[in-house]
Each structure stands twice: as C-alpha cells, then as structure tokens.
Amino acid sequence: MRLNLVLELLDIPGQLTDAFEPISRLGANIVTVIHQRDVKTERGTVPVQITIEGDKDTLDMVIDTLESQNIQIMEVDGVLRKEKIRTIFIGNIVEKDVKDALGRLNNIEGVRVIDFNLKIGDDPEKSASKIILEADSGKRKDIMVKIKEIGKSKGFLVINEV
Amino acid sequence: MKICILGFGAVGKGVVKAISLKNDRFKEKYGLNLKVVAVTDTSGAAISNKGLDLDLLLETKEQTGKVSNYPEYGVSGMSNMQVLDNAEYDCLVEVTPTDICNGEPTRTHILNAFEDKKDVVTSNKGPLALNFKELNESAVVNNVQFKFEASVGGAMPIINFAHETLSSCDIDSILGILNGTTNYILSRMAKEGSSYEQILKESQELGIAETNPAQDVEGIDAACKTVILANSLLGRDVSYKDVEVTGISKITPESISLAKNEGYLIKLIGEVSGDVLEVSPRLVREGSPFAVDGTLNVATLKTDLAEDVTVVGKGAGPLETASAILSDIISIYKIKQCNR
Ligand SMILES: NC(=O)c1ccc[n+]([C@@H]2O[C@H](COP(=O)([O-])OP(=O)(O)OC[C@H]3O[C@@H](n4cnc5c(N)ncnc54)[C@H](OP(=O)(O)O)[C@@H]3O)[C@@H](O)[C@H]2O)c1
C-alpha cells in the first residue's frame, strides 16, 4: 500500500536525509518527494510531501520511528495528525512563573509547546503571553480544559480559542 | 389587543414608539389593533381602559420624566400590583430593570399576570435567569403564553427562531457574543490599541456603556442570557449561579495585539455545550462569524440536522428591542386567532 505523508522539517541541512534514513532502513520505498524550500509555514519550517510504499506493518513502523525521532508528521493521507491550539495568559507572567506553566503544558500527553510570545505591560500584572501548542488531532476539547486548569492554578486569566 | 407596560425606560418607550409607528400596518397586515391601556414607571402610572394616547404618553415622559403626569389618567404613586389588578389588559409587557439577586419585582408581576390568565412578553433577564422553571410551569398551568425573545440578543432572532424555524432540529450547543457593550469595547480596543479603561470611559460618554458598567463588563448580562438559552433551547435546568463567569475588565492591549499577530480577536463568548456553561473572553479567528464589530450580537447554534446555523443582529437599542417584543406580541395574537 501507499501512504502520503506531509512532514514538517526545520530549514537546515541534513533534515531531509534524517527523515529518509528510517524509511529505507525499515524497508519502505519512497515513491515521490515534493520538497520546496521556498514554501514555508508561518513558523519558518518547510513542509515536505512524500509518498511511501510498503506493507501496512512496515508503514506503521515508519510513522512510529519518524515520530520517535522528533520528525513532525503533519498529515497522513490528507488527514491532519496534529492541530494547533492557541491560548493567551494574562497576569504577572514573571512572578507567577510562566516557565513552570509551559513545562506542565508540555507534559500533557500528545502536546508540545511550539511557540511562546511575551509582552510585558507597564503594570507587570498586565503582561500577556501567547502560547501555541501542537497536539494530536481530536483532543482539542480535553486539552483546552487542561490549559485552563494550569493557567488558573497560576492565577492567570486564560483566553482559549472558541 | 390590550397591552399593559410595566417600566417606561429605553425599552418601554421604544415599544410605545414602535406601536405608534406601526399599528396601522399591523391592522392592515394581521388585523391586529394594539391599544396601550396602562404604563408604569417609578412615579406611578397612566391608566385608561379605553387606551392611552401614545404620542401624548411619550411627550409627557419626555417633558416631565413621569408617566403619572399624563393628563387626566395619570395616577401618582400607583403601584405595579395595583395597575395589574385594575387594568383591563390581555398581554403584559414587563420591561422594568433586570434584578439578578432574586428576579423581583418582575417575578411577582409575571406570576400575578399568569394567575389572572394574561399572556406575558418580557425583555427582563433577571427572573428568566433565576426562576425560569417556575415561570414556565405557571404559564403552562394557567394556559397562557410566555415569550421573551427580546431578553437575549435584542433584535437578533434566536429563541423563536430556534423554536419555530429550527423546530425539526435538536440543538447541541450554542456559542455567542451576547453583550453589545463589551463587544463594542473589545472591537475598539482591537482597532485602536487603546487601554480598556480609556475605551470604557469613552463608551460611557457615548451612552453605550452604563455609568455602573459591571453588569456588562463583568459578564453578568451575558451569563444571564447564556442561562436563558440553556434553559429555553437546550432543555437545561440551570440558573445564573451555575455559570462560570469571567468578564473583560482584565483584557489588555498587549493580549489583543498578541492575538492579532496570530490572526485572532478576543471576544466575550457565552457557551452552552456538553457540561460547559460559561462566559469568558475567547480567541476567535478574524474573518470567522464571531468576528463582528461594534454592538452587534452573534450566535452559532450547533444542531443535529442543520449543522451550524449562525444569526447576527443588533443586541440592544430601544426600537431594536421593541421589534422583538412586538414580534412576540404578534405571534401571541396569531396563536389566539388559531385557537378561536
Ligand atoms: N436597553 C436595551 O436595549 C435592552 C435590550 C434587551 C433587554 N433589556 C432589558 O429590558 C429591561 C428594560 O430596560 P431599559 O433599558 O428600558 O431600562 P431603563 O431605561 O433603565 O428603564 C427602566 C424603567 O423601569 C422603570 N422602573 C424601575 N423600577 C420600577 C418599578 N419597580 N416599577 C415600575 N417601573 C419601574 C424606570 O422608571 P423611571 O423612568 O421612573 O426611572 C424606567 O422607566 C431591562 O430588564 C433590561 O435588562 C434592555
């Protein structure tokens, strides 16, 4: 069978070879690769479309191995594997230890913090931080509840997506 | 059809004005002739079972501030209960201020009218957010109509729309911007990058926010409306106290600008879904149905058959709110015609 994957690679040399290595090692064939370095995501990563061929077990193993090597698979056969969840915390970001909150967000299963932005207000209480998480598809609701819990436990006002 | 109006502020006057503007049209279109037989404010009442002169009523209130100064039929100090006992009316329009501690005195007015077998139309959120079940049951027991379209979203159609136009559907959840004042403040903060305090002050000067803005900016008003939707459209049995409420007074220009960089806006959203009953600032995508500006209200109903249906409209204003009240009155009139 064939599988169409969209990988998200950092724009640095060697990324593509790293991604290919487990595919050929596990015995899957690479059918096509579309790699346009000038097309970038908003975060500056490069999406790579790749079609691989092999039996189901091999292909499953390829996906597991790629993910265990921290190579981001965005789509499998047109289905999103990851989705972004955005949130904003308002409050005294420095004093209330936003780093600890980020750590706890990162520890939620299937969740990775991929972007963090901070704006310190004139009044430190009015500082705001934007956090973007990447999470396994379909878990948005549960994760949003956890984000709220973590933010609130630090005394932040949590602004989640609708 | 004879109308008794309790409360003669923005909405009460709007109703009288709208009747004055449209009564001829209603006669022509529906054969409905509306007569206002009593009006009250804190000064007392104007009451005449033959019907009051609408323009004179507005003029009297405008010039003296008291309906009780209405020539010949004005009665100083007459209470709402005395009016309800003495007026010969078919339909009560309850438009006194919203009280969210115990829903009074509106609750008592409405129950009293029901027991006298009168229909009731209200825009008052207090008793709907606190005593919905009691009021609804009393209306059923007394076999009268109880309508409150204007209580949520002013002119934005939602309650009757869901009950009638979407009657084939079950509604799974509702998300909406249900307060015009906060939407106005947040929209301007997003456009101008100014502080919450600054825009609130300007909104107060423009008469968009009240001198005591707490009901709006702390999310209380939106929470009442969320409860009304939960009870009337999703069959819940919840009260104002069950809502998790966060207002907008802590929203900063910094947070709005961080959201904007991502293509998002911050809006005060009421949500009823699953076990969620909350009002809180949320991120909405620019260009999505929730990205409405100014004092507009919007709500998306998630239904089983029709999927998502979104309604938008003016959330407040005298004539806008009066439009919803008059539509309720007309639909009561139509129901009565059918039952004859
Ligand atoms: N404004 C809107 O656009 C809007 C939209 C949707 C729903 N609503 C709801 O509609 C209701 C009326 O709103 P509004 O804007 O018209 O309020 P408002 O302008 O403050 O007017 C309230 C009126 O009620 C009178 N009143 C107060 N206590 C009374 C009492 N115990 N008995 C008799 N009359 C009494 C006041 O008398 P005085 O004139 O003597 O002070 C005033 O005429 C509220 O429940 C509000 O939440 C308003």
Side-chain angles (χ1 to χ4, degrees), chain A residues 41-44 83-96 98 101-102 105 113-135 138-162, chain B residues 172-178 186 189-190 193 195-198 218-219 244-276 278-286 288-292 298-300 302 308 310:
Chain A
T41 66
E42 42 199 287
R43 269 181 296 140
E83 59 181 326
K84 282 185 193 152
I85 301 179
R86 296 158 181 84
T87 192
I88 288 179
F89 288 175
I90 300 178
N92 197 328
I93 307 287
V94 181
E95 191 169 281
K96 298 281 168 54
V98 76
L102 288 176
L105 290 171
V113 175
I114 57 170
D115 198 4
F116 172 69
N117 257 280
L118 186 60
K119 279 204 178 198
I120 307 280
D122 298 337
D123 171 358
E125 274 301 325
K126 294 189 170 176
S127 299
S129 65
K130 176 190 75 191
I131 302 164
I132 305 181
L133 309 173
E134 191 174 67
K139 293 193 183 152
R140 175 176 285 270
K141 246 196 142 130
D142 293 343
I143 293 171
M144 274 167 48
V145 171
K146 292 216 173 89
I147 294 174
K148 206 158 96 182
E149 272 170 26
I150 293 173
K152 281 200 162 170
S153 74
K154 293 270 170 195
F156 297 137
L157 168 61
V158 179
I159 309 178
N160 270 332
E161 281 177 71
V162 294
Chain B
D172 300 324
S173 69
I174 303 177
L175 277 157
I177 296 175
L178 304 174
L186 291 173
M189 284 176 73
S195 72
Y196 163 77
E197 290 79 10
Q198 166 90 29
E218 297 308 337
E244 194 184 329
V245 192
T246 312
I248 65 158
S249 57
K250 295 212 173 77
I251 302 295
T252 58
E254 288 80 12
S255 56
I256 290 181
S257 114
L258 282 175
K260 258 185 151 177
N261 293 344
E262 273 293 297
Y264 281 76
L265 297 166
I266 297 179
K267 298 286 187 188
L268 186 68
I269 301 278
E271 172 171 359
V272 199
S273 69
D275 46 18
V276 179
E278 74 169 49
V279 169
S280 59
R282 304 277 287 266
L283 295 170
V284 310
R285 216 181 263 279
E286 273 179 297
S288 75
F290 291 114
V292 296
V298 57
T300 293
K302 278 196 191 304
D308 287 10
T310 300

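So that the names make sense, note that chain A is the first sequence line, chain B the second, and so on, each numbered from 1.
- Using a 4.5 Å cut-off on side-chain heavy atoms (C-beta onward), B:Asn261 and A:Asn117 make no contact.
- Closest heavy-atom contact between A:Lys141 and B:Ser273: NZ-OG, 3.4 Å.
- In terms of heavy-atom proximity, A:Gly121 sits nearest to B:Glu254 at CA-OE2, 3.8 Å.
- Rounding to the nearest 0.5 angstrom, the gap separating the CG atom in B:Leu258 from the CD1 atom in A:Ile131 is 10.0 Å.
- Within 6.0 Å of the NZ atom in B:Lys250, the count of heavy atoms belonging to other residues, nucleotides or ligands does not exceed 12.
- With rounding to the nearest 0.5 Å, the separation of CG in B:Leu268 from CD1 in A:Ile159 is 10.5 Å.
- Interface remark: B:Thr246 contributes side-chain atoms only to the contact with chain A (heavy atom separation under 4.5 Å).
- In this structure A:Lys154 satisfies the salt bridge (Lys or Arg N to Asp or Glu O under 4.0 Å) test together with A:Asp100, sequence neighbours excluded.
- Heavy atoms of A:Ser129 lying under 4.5 Å from chain B belong exclusively to its backbone.
- Among all heavy-atom pairs drawn from A:Ile90 and B:Ser255, the shortest one is CD1-OG, 3.3 Å.
- A:Asp123 is not listed as a side-chain neighbour of B:Thr252, based on a closest heavy-atom distance of 4.5 Å or more.
- Only the side chain of B:Ser257 has a heavy atom closer than 4.5 Å to any heavy atom of chain A.
- Inter-residue side-chain proximity for B:Glu262 and A:Ile132 is flagged as met; some heavy-atom pair is nearer than 4.5 Å.
- Taken to the nearest 0.5 Å, the CZ atom of B:Arg282 stands 13.0 Å off from the CD1 atom of A:Ile88.
- In this structure, chain A has no heavy atom under 4.5 Å from any part of B:Ser195.
- Scanning all heavy atoms of the two residues, the minimum distance from A:Arg86 to B:Leu283 falls at O-CD1, 3.7 Å.
- Taking the charged nitrogens against the carboxylate oxygens, A:Lys152 and B:Glu244 do have a contact shorter than 4.0 Å, which makes a salt bridge.
- With a threshold of 4.5 angstrom between heavy atoms, A:Val158 approaches chain B through N, CA, C or O but not through any side-chain atom.
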